There are 2 protein chains.
Amino acid sequence: MSQADTKQRILDAAERLFARDGYHATSLRSITTEAEANLAAVNYHFGSKESLLEATIDRRLRPLNEVRYGQLDALLQKTEETETIPSCRDVLRTFVEPTLRLRKQGSGAENFVALIGRTLAEPQGVAMSIFMRNMEPLLARLFQALNLSLPGISRQVLFWRVHFVFGSLSHMMRCHERHSIVPEAVSIDMSVEEEIELFLDFAVAGMEVHRS
Amino acid sequence: MSQADTKQRILDAAERLFARDGYHATSLRSITTEAEANLAAVNYHFGSKESLLEATIDRRLRPLNEVRYGQLDALLQKTEETETIPSCRDVLRTFVEPTLRLRKQGSGAENFVALIGRTLAEPQGVAMSIFMRNMEPLLARLFQALNLSLPGISRQVLFWRVHFVFGSLSHMMRCHERHSIVPEAVSIDMSVEEEIELFLDFAVAGMEVHRS
DNA sequence: ACCTGGTTCAAACGTTCGTTTAAAACATGT
DNA sequence: ACATGTTTTAAACGAACGTTTGAACCAGGT
């Protein structure tokens, strides 16, 4: 087996276990066991446990954010040419759609989505700063675009609503398994397209609503 | 110092540290140090680390849920007498308002709110089953009430939207400190009342919207 | 003054953790 | 076949963890 194989197997195992149990509750021994690698392989290939987490996040977040950034840029450029303003739904879609599609792509990507969901829930955690380093430029641009598409809403309210949308999205990302809250009668299986539109219905309505 | 003092001080410290760093990243040594108690005090008073977590959650969640349950019951009884249906906003308010008010009550309650926010983000974690044991009856009743107040919405869609609302709320509960996402210009300070209405504006709009 | 039940204390227990080491195994170019 | 640089391996490291122990301490009742 080549080096690349071992590195990938470790990344896959780390992705799954970090997502399932969290960073601190996952030991390097359990990762290397699942990856069928030697315990020392992590420190040899990645340097430390924290660097492994960083590599795990970076591997998928970098290309994901390039897609998101590309779609958002294309949307903004199109609306600029036609001298219209982008709809809130279209702006949010550039962020949400690549994320939820990633989950159905297979090869463990759904574990990554859950891992990011967890990361967003640990404000002071190790993973947060790794995550933020990748997200900051995109988030600034997203906020800017939303501000453009919702001119009637103050920046403060806009920020809070974006905050709420992130909460919903990260919660959705985290829970790809059946929760105990959900009654047995309710089917949670949907196509990606349904998932995306169901979420956008909710999020856009919340973003656009006027004070009651 | 009496027993009660030590137990309370340990609960307060555990609440703060579990909320800030998570269950696994918090050591009993750091808890007892902050509580100015002996290391063995946790096992003497609570039996184990996990039982301490349980006691930490139970202490505040039990009375909180009694308030929520009482308000929801009062609302449902009133609408039954007047033969009207409860509004989605009123139903959600019985759940959201006691929670957000708790945060401003002081005496470390804001740490508890953040701890619950974290708990909701760890589907397989130790805290989740402790949390769910307290929540299940209330959640069933809440779901039932929302189903009543939104007759036009299928159970499946309703479930997902409740899921989104929980995501937003738990995210709000988690982040009582300033995030790095939020631009410096935006003030995040609000009164409890403003917070509640801002959240309900968002959540109710998302719950009630018709497919676009 | 003495006993008693509850509480605190310092010290140690056995485990598990992330990391390091140095030798063995492997691959590759000559 | 040999030398070279990379990867894997088993073993060990010190540190930190949750938990247990047994003696010390402190109240209140007799």
Side-chain angles (χ1 to χ4, degrees), chain A residues 1-59 115 118-119 122 124-130, chain B residues 1-59 115 118-119 122 124-130:
Chain A
M1 292 184 193
S2 74
Q3 161 189 358
D5 282 334
T6 302
K7 278 186 90 163
Q8 299 293 347
R9 286 201 321 279
I10 289 176
L11 283 171
D12 289 340
E15 187 170 58
R16 200 180 78 83
L17 294 174
F18 283 155
R20 196 191 62 182
D21 301 326
Y23 176 75
H24 286 102
T26 303
S27 68
L28 292 185
R29 283 168 175 84
S30 67
I31 292 174
T32 50
T33 300
E34 171 153 329
E36 298 183 81
N38 188 274
L39 168 61
V42 167
N43 285 278
Y44 175 75
H45 285 291
F46 299 95
S48 69
K49 187 186 181 184
E50 191 164 335
S51 298
L52 171 60
L53 175 65
E54 185 167 354
T56 306
I57 293 176
D58 279 355
R59 174 173 65 151
L115 173 58
R118 286 192 75 123
T119 301
E122 302 183 12
Q124 327 270 6
V126 243
M128 186 50 107
S129 54
I130 298 171
Chain B
M1 292 184 191
S2 74
Q3 161 189 358
D5 282 334
T6 302
K7 277 185 90 164
Q8 299 292 347
R9 287 202 319 279
I10 288 176
L11 283 170
D12 289 340
E15 188 170 58
R16 201 181 76 84
L17 294 174
F18 283 154
R20 196 191 62 183
D21 301 327
Y23 176 75
H24 287 102
T26 303
S27 69
L28 292 186
R29 283 169 175 82
S30 68
I31 292 173
T32 51
T33 299
E34 170 152 334
E36 297 184 82
N38 187 273
L39 168 61
V42 167
N43 286 278
Y44 175 75
H45 286 291
F46 299 95
S48 69
K49 186 185 182 184
E50 190 164 334
S51 298
L52 170 60
L53 175 64
E54 185 168 352
T56 307
I57 293 177
D58 279 355
R59 173 173 67 151
L115 173 57
R118 286 192 75 122
T119 301
E122 302 182 12
Q124 327 270 4
V126 243
M128 187 48 110
S129 54
I130 299 171

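Chain letters run A, B, ... following the sequence lines, proteins first, then strands; residues in each count from 1. Remember, it's a predicted structure, so these values are computed and weren't measured experimentally.
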Near DNA chain D, under 4.0 Å by heavy atom, which residues of residues 22-35 of chain B? B:Thr26, B:Ser27, B:Leu28, B:Arg29

What integer distance in Å separates A:Glu50:CD from C:dG18:P? 12 Å

Which is it for B:Asp12 and B:Arg9 under the side chain to side chain contact (heavy atoms under 4.5 Å, CB included) test, yes or no, and what are the steps along the way? CA-CA 5 Å; B:Asp12 289 340; B:Arg9 287 202 319 279; 5.6 Å; no

Whole-Å distance, A:Phe46 CZ to D:dT6 P, equals 17 Å

Without decimals, in angstroms, what is the distance between A:Tyr44 OH and C:dG18 C1'? 19 Å

C:dT8 OP1/OP2 closer than 4.0 Å to side-chain N/O of B:Thr6: yes

Contact under 4.0 Å: B:Asn38 side-chain N or O vs C:dA10 OP1/OP2: yes

For atom CG of A:Asn43 and atom P of D:dA11, their distance in whole Å: 19 Å

Contact class for B:Ala41 (heavy atom, under 4.0 Å): base, sugar-phosphate, or nothing? nothing

Return the value, rounded to whole Å, for the distance between atom CG of A:Leu39 and atom C1' of D:dC13. 12 Å

Not counting sequence neighbours, which residues clear salt bridge (charged side-chain N to carboxylate O under 4.0 Å, His left out) with A:Asp21? List them please. none

What is the distance, rounded to the nearest whole Å, between atom CG of A:Leu53 and atom C1' of C:dT19? 17 Å

d(A:Thr26 OG1, A:Leu52 CG) to nearest 0.5 Å is 10.0 Å

Rounded distance (nearest 0.5 Å) linking atom OG1 of B:Thr33 with atom CG of B:Leu28: 10.5 Å

Per side-chain contact (heavy atoms from CB on, under 4.5 Å), B:Phe18 is matched among B:Ile57, B:Thr119, B:Leu53 by B:Leu53

Nucleotide nearest A:Ala40 when distance is taken to its side chain, options C:dC9, C:dT20, D:dG18: C:dT20

Report yes or no: is the cationic atom of B:Lys49 (NZ for Lys, CZ for Arg) closer than 6.0 Å to the six-membered ring centre of B:Tyr23, at no more than 45° off its axis? yes

Rounded to the nearest angstrom, tell me the gap between atom NZ in B:Lys49 and atom P in D:dC17. 9 Å

Whole angstrom is fine here: how far is it from NZ in A:Lys7 over to C1' in D:dT6? 13 Å

Listed partners of B:Arg16 passing side-chain hydrogen bond (donor to acceptor under 3.5 Å, both in side chains), at least two apart: B:Glu34

